[in-house]
Amino acid sequence: MRLSALLFCLLLLLPRVALAVPSADVCEWAAQQAAAETGVPADILGALTLTETGRRTDGVVRPWAWSANAEGEGAWFDDPQSAIAFAEQRVAMGRPNVDIGCFQLNYRWHGENFQSVAQMFDPLTNARYAAQFVSQLYAETGDWRVAAGAFHSRTPVHANRYLARFDTLRDMLQTRGFAQMTGAPETYNQFQMAQAGPRREPRARVMLLGAPLGSAPSGQVASLAVINAPRGPMIATRATMLSDGEGAARGSLWR
């Protein structure tokens with residue numbers, strides 16, 4: 001389930017090479033790296049990225065780094081440039097409800113904690129942020145599975161529906177590993193191919209990853225979304241989320 005040491009070095013040291021690494025590999029590596037850094041169980045982060053962005057490729061369902069979901073209209077893109085351009089266009093239009101990257105972080109709620117849309121797509125930065133969020137939910141709930149459900153929604157009916165897909169993918173991941181996820185269900189978000197003709201009309205379902213912790217649930221299908229509540233950062237400042245203890249930026253795939 002681990003990438004080779006050579007690939008690890010290439011991802012950290014050669015940004016142009018990193019962009020050429022298969023999207024599934026880079027999401028899987030980022031999830032495992034974030035798990036090792038934060039103590040979040042690797043199967044929890046692995047199942048979350050599969051539930052958020054899992055795509056069937058050559059019969060195997062694997063996470064997809066260049067995924068974006070704008071107001072329910074989701075797509076897998078073939079390259080980071082296309083995904084970034086799609087998200088940046090939505091933000092520029094004043095429509096910031098865009099879920100981004102391996103863990104589908106929502107720009108509306110989390111954009112202020114990142115330097116740019118492109119940085120939110122950075123798989124390692126994206127995974128680290130998601131890991132911090134899940135860690136806080138675990139501290140609050142005392143259960144990693146419950147924390148995974150709250151990652152999607154605090155409303156039980158929505159969390160339970162999400163966990164049905166999450167549990168299936170987690171069980172398969174634990175016994176097979178990322179490379180053997182044949183017969184697995186795809187993402188809970190049911191993305192479509194970005195280049196496969198006209199996109200369907202946006203679905204009514206809206207995903208928002210994380211209003212501020214402690215906010216009352218809205219009852220809407222959204223991750224801790226609080227409709228009409230003041231916008232605020234979910235957990236920590238940019239310096240805390242994206243830096244080490246001395247304030248220096250940690251390694252990412254864009255470096």
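Nearest heavy atoms, Q33 versus L124: CG-CD1, 3.6 Å. The two atoms that bring A42 and A35 nearest to each other are CA-CB, 3.7 Å, heavy atoms only. Of all the heavy atoms in T141 and A147, the pair that sits closest is OG1-N, 3.9 Å. Between T38 and A131, the shortest heavy-atom distance links the atoms OG1-CB, 3.6 Å. The shortest heavy-atom contact between P185 and M172 is CD-SD, 4.3 Å. Minimum interatomic distance between P96 and N106 (heavy atoms only, all atoms of both residues): O-OD1, 4.2 Å.
In this structure, Q104 CD and T51 OG1 are separated by 11.5 Å, a value rounded to the nearest 0.5 Å. To the nearest 0.5 Å, atoms CD1 (I44) and OG1 (T49) are separated by 13.0 Å. To the nearest 0.5 Å, atoms CE (M120) and CD1 (I100) are separated by 4.5 Å. Note that CH2 of W66 is 9.0 Å distant from CG of D79, once rounded to the nearest 0.5 Å. One finds the CD1 atom of I84 at 6.5 Å from the CZ atom of F121 (value rounded to the nearest 0.5 Å). Taken to the nearest 0.5 Å, the CD atom of Q180 stands 9.5 Å off from the CZ atom of R62.
The backbone N or O of E52 lies less than 3.5 Å from a partner atom in the side chain of T187, making a donor-acceptor pair. Of the possible polar contacts, none joining the W144 side chain to the V134 backbone as a donor-acceptor pair under 3.5 Å is found. Using a distance-only test at 3.5 Å, with no hydrogens or angles considered, a donor-acceptor pair links the side chain of W76 to the main chain of T53. A donor-acceptor distance shorter than 3.5 angstrom exists from the side chain of R176 to the backbone of T182, with no hydrogens or angles considered. Although no hydrogens or angles enter the test, the distance criterion places no donor-acceptor pair under 3.5 Å between the side chain of S153 and the main chain of G149. A donor-acceptor pair is defined here as one N or O able to donate and one able to accept, closer than 3.5 Å; no such pair exists between the side chain of T155 and the backbone of H158. Of the possible polar contacts, one joining the R56 side chain to the A184 backbone as a donor-acceptor pair under 3.5 Å is found.
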May I have the step-by-step check of side-chain contact (heavy atoms from CB on, under 4.5 Å) for R145 and R170, ending in yes or no?
CA-CA 10 Å; R145 179 179 178 274; R170 184 186 182 193; 4.2 Å; yes
Go through the steps for N97 and Y107 under the test side-chain contact (heavy atoms from CB on, under 4.5 Å), then give the verdict.
CA-CA 6 Å; N97 182 24; Y107 185 87; over 6 Å; no
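Tracing side-chain contacts under 4.5 Å through hydrophobic residues (I, L, V, M, F, W, Y), one never reaches Y162 starting from V146; they form parts of separate clusters.
Between the side chains of E28 and Q32, no donor-acceptor pair is found at a separation under 3.5 Å. Looking at N113 and Y129, their side chains do bring a donor and an acceptor atom within 3.5 Å of each other.
Side-chain contact check for P123 versus C102: some heavy-atom pair is nearer than 4.5 Å. When side chains are defined from C-beta on, Q89 does not count as touching V117, because their heavy atoms never get closer than 4.5 Å. In this structure, the side chains of D122 and F114 stay at 4.5 Å or more apart for every pair of heavy atoms.
Under a 4.0 Å N-O distance rule, the pair E186/R55 does not qualify as a salt bridge.
Classification of the F103-F151 ring pair by plane angle, with boundaries at 30° and 60°, yields perpendicular.
Tested against L105 for a side-chain contact (heavy atoms from CB on, under 4.5 Å), the candidates V98, N126, T125 yield a single pass: N126.
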